[in-house]
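Notes follow the structure.
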Protein chains: 2
Amino acid sequence: MTNIQDVAKAAGVSTASVTRYLAGQTIRRADAVKQAIDELGYRPSHVARSLKTGRHDSIGVIVPDISNPFFAALVKGVEREMRPHGMQVILGNSDEDAGREEALVRELSQRTDGIIMAPLTENDEIPLALMKTGIALVFVDRDISSGPDVDRVLVDNASGVRQAVDHLVGLGHTRIAAISGPLDSTPGRMRHEALLSSFEHHGIAADDSLLRIGDFREASGRAAIQEIWAAPQRPTAVFVANNLMTTGALTALMEMGVRVPSDLSVVGFDDLPLAALLDPPLTVIARPDVDQGAAAARLLVERLGEPGQPSPAPHPTQSLVLPVELVVRGSTIAAPALPEGSPA
Amino acid sequence: MTNIQDVAKAAGVSTASVTRYLAGQTIRRADAVKQAIDELGYRPSHVARSLKTGRHDSIGVIVPDISNPFFAALVKGVEREMRPHGMQVILGNSDEDAGREEALVRELSQRTDGIIMAPLTENDEIPLALMKTGIALVFVDRDISSGPDVDRVLVDNASGVRQAVDHLVGLGHTRIAAISGPLDSTPGRMRHEALLSSFEHHGIAADDSLLRIGDFREASGRAAIQEIWAAPQRPTAVFVANNLMTTGALTALMEMGVRVPSDLSVVGFDDLPLAALLDPPLTVIARPDVDQGAAAARLLVERLGEPGQPSPAPHPTQSLVLPVELVVRGSTIAAPALPEGSPA
DNA sequence: TTGAAAGCGCTAACAC
DNA sequence: GTGTTAGCGCTTTCAA
């Protein structure tokens, strides 16, 4: 590879002048340098530059599952926001694996100026270690319980669950099942807690045989709904705490011959790309995905500044909570008439 | 940050010995070095190491659209295959934008030892430039017309289209519409060519009013099906060349009140995560996604070798063509009885 | 086995 | 505005 010395020699200047030219400063022999660069096909070594400056002009995004459309959209939001700032976005997919998350953090913290991540669990200690290295950090979608001093973007999980439960109760449902996410993750815990408090608010008794905890993956949604449907008293509606588990639950229901919504109303957290095309179209709590990523990217840019510019002054961390929205489609209908002898 | 000198000093050895320890060689004062590393929390600088060795122990994957489930799955396959080899996977999403693809290639070629990519078009010159830098390269899913000397993994597009057309013809369809992909991309061109030759093989006249070219994105599927449905003689079946356009077409059909499959049979290329849950369940050509990524990763590993090991001897490039498979679900049924006066 | 020292390619004082 | 030069942190000859 041709290096800066070759260019300097060819242009008859010092390497310092080439650097200055590259940095956009005005130098006398700019044309000669430009020509030398073009002719030699010179590309500055990113590695050498990083070693010298300690900057990388890139950021990392670490998500638990890139094949979850929510995270794919989130990443898109980050990229769109970062593009005009001249920062490369490097993506890491931890595949819901703590070991892999750690490897990614270790790796990306050496190649980037800042990291946007959705920690696997609230007890995740990996981000703590990261913060000590001084790299800029933004949590998105998920939080950790200790170490509050980080920028973060979350959605209003509690409000979403409340809207879902209100909607079902408004349709006359009282036997409501739920498939929650892992209680050691922020969205899992917040949604589950909001569910219980919504039940309480509406005077609905929490029936353990109708409450299941999954792991946010498709298979756990399948298993959970099968158990729920085997309960002594079946529910008339079910709330599922994320998109993948909803998919699993719907598949299992179809296989079991349970008709949605006549046998069972279904409302899911997270919109799905094809939710409107499903049979029936799915009622969901939709939350911002692209926007959530973009918001996280903006927080990071505020902290890092633009490439080539001096870093902005440190400022207090920010917590953003984005609103969510109930989208009523066809998978929720009024509860069937109460069987004889039921309480009002 | 603590560096190798600090460790060497603390352990009372030279930096060379620390390097040797890190490389797994046996040195006399190994314990002291280990202790110094632990106490100081030393992490070798990846940047400095890369500058010196020219290796990165990581690979890049560049896809046109990470929110396309096909590419998300492909990336997953790459990561799963790479993990045991100790190589980090860095992901780039070009968002179907040539400028962004170029930026990613420029960036990742400086941070990785090899790149797996799906070039945007067959005329894409970016990979050619990349090959000149000597970095290892594997094409996946898409190819470029010039510069054949690259490892590649494709799927049997022609066979897939043939299976789809055979299936429709077998159901009695003769007025078959098609929404093809961009003719300057490998899958777009191959599928379109296979379509025309399948038509010819079955004696079906290609009707321009039923043939549309999209861009593999959802909106173009919507627009195309609307145009097709406005044709003087409507089709009884449509073939759509990828998943996103299929989604768009189905949405538009629903909005137009066209019933699938009674009004129109639909077969799509690419399976969808929710294809079985759609109304009706979608008949598709399913192709390997995770496996395609894993295969590409394997080719790259064969070329690069393991981190820390000497590189394997160069060997001829390989081209893999993976089989695809027709999955018949509910969106294709027998063609309606011919209107009076039609030819047999 | 070990240490000294050169140098990967670049940037940023510093002196002119 | 320009050139000289030290040095970012590491690996790798080379001699011992």
Side-chain angles (χ1 to χ4, degrees), chain A residues 1-34 36-37 40-58 106-107 109-113 133-135 307-311, chain B residues 1-34 36-37 40-58 106-107 109-113 133-135 307-311:
Chain A
M1 253 359 261
T2 117
N3 63 22
I4 199 171
Q5 302 232 42
D6 301 329
V7 174
K9 203 175 299 171
V13 297
S14 71
T15 61
S17 284
V18 179
T19 292
R20 289 179 187 119
Y21 172 82
L22 255 23
Q25 301 176 29
T26 43
I27 64 169
R28 224 183 295 281
R29 307 214 50 200
D31 317 359
V33 172
K34 177 175 178 7
I37 288 175
L40 297 171
Y42 169 68
R43 296 263 157 242
S45 157
H46 215 289
V47 171
R49 179 179 287 174
S50 287
L51 178 60
K52 179 66 187 174
T53 62
R55 284 206 57 152
H56 304 272
D57 296 342
S58 68
R106 205 171 345 103
E107 197 70 9
S109 66
Q110 296 226 26
R111 305 175 185 273
T112 63
D113 303 314
T133 70
I135 195 172
Q309 306 296 321
S311 298
Chain B
M1 256 353 261
T2 117
N3 63 22
I4 199 172
Q5 302 231 42
D6 301 328
V7 174
K9 203 174 300 170
V13 298
S14 70
T15 60
S17 285
V18 179
T19 292
R20 289 176 187 122
Y21 172 82
L22 256 23
Q25 301 176 27
T26 43
I27 64 169
R28 222 183 295 279
R29 306 215 50 201
D31 317 359
V33 172
K34 177 175 177 9
I37 288 175
L40 298 172
Y42 169 68
R43 296 261 157 242
S45 156
H46 214 289
V47 172
R49 179 179 285 173
S50 288
L51 178 60
K52 183 62 188 176
T53 64
R55 282 205 60 151
H56 305 271
D57 296 342
S58 69
R106 207 172 343 104
E107 197 71 8
S109 66
Q110 296 227 25
R111 304 176 185 271
T112 63
D113 302 315
T133 70
I135 195 172
Q309 307 296 321
S311 298

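Computed over heavy atoms, backbone and side chain alike; hydrogens, waters and symmetry mates excluded. Here is how names work: the chains are called A, B, and so on, in the same order as the sequence lines, proteins then strands, and each is numbered from 1.
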Is it true that atom CZ of A:R55 has more than 12 heavy atoms of other residues, nucleotides or ligands lying nearer than 6.0 Å? yes
Please produce a list of atom pairs where a protein N or O lies less than 3.5 Å from an N or O of nucleotides 6-9 of chain C.
residue, atom, partner, partner atom, Å
C:dG7, N2, B:K52, NZ, 3.2
C:dG7, N3, B:K52, NZ, 3.4
C:dG9, N2, A:A48, O, 3.4

Rounded to the nearest angstrom, tell me the gap between atom CG in A:D57 and atom P in C:dC10. 15 Å
So what does A:T26 touch, heavy atoms closer than 4.0 Å: a base, only the sugar-phosphate, or nothing? sugar-phosphate
Starting at atom CD1 of B:I37, determine the distance to atom P of D:dC10, rounded to an integer number of angstrom. 10 Å
B:Q25 CD to D:dT12 C1', straight-line distance once rounded to whole Å: 10 Å
Taking NZ from A:K9 and P from D:dT2, how many angstroms apart are they, rounded to a whole number? 20 Å
So, under a plain 3.5 Å distance rule, would you say the side chain of A:R29 forms a donor-acceptor pair with the base of D:dG1? no
Would you say B:R20 reaches C:dT2's phosphate, i.e. side-chain N/O to OP1/OP2 under 4.0 Å? no
Any donor-acceptor N/O pair, A:Q25 side chain to A:T19 backbone, under 3.5 Å: no
When the distance from NE2 of A:H56 to P of D:dG9 is rounded to whole Å, what number comes out? 12 Å
Which residue lies toward the 5' end of DNA chain C, A:A16 or B:S14, if each is placed at its nearest nucleotide? B:S14
Whole Å only: how far is the CG atom of B:L22 from the C1' atom of C:dT2? 16 Å
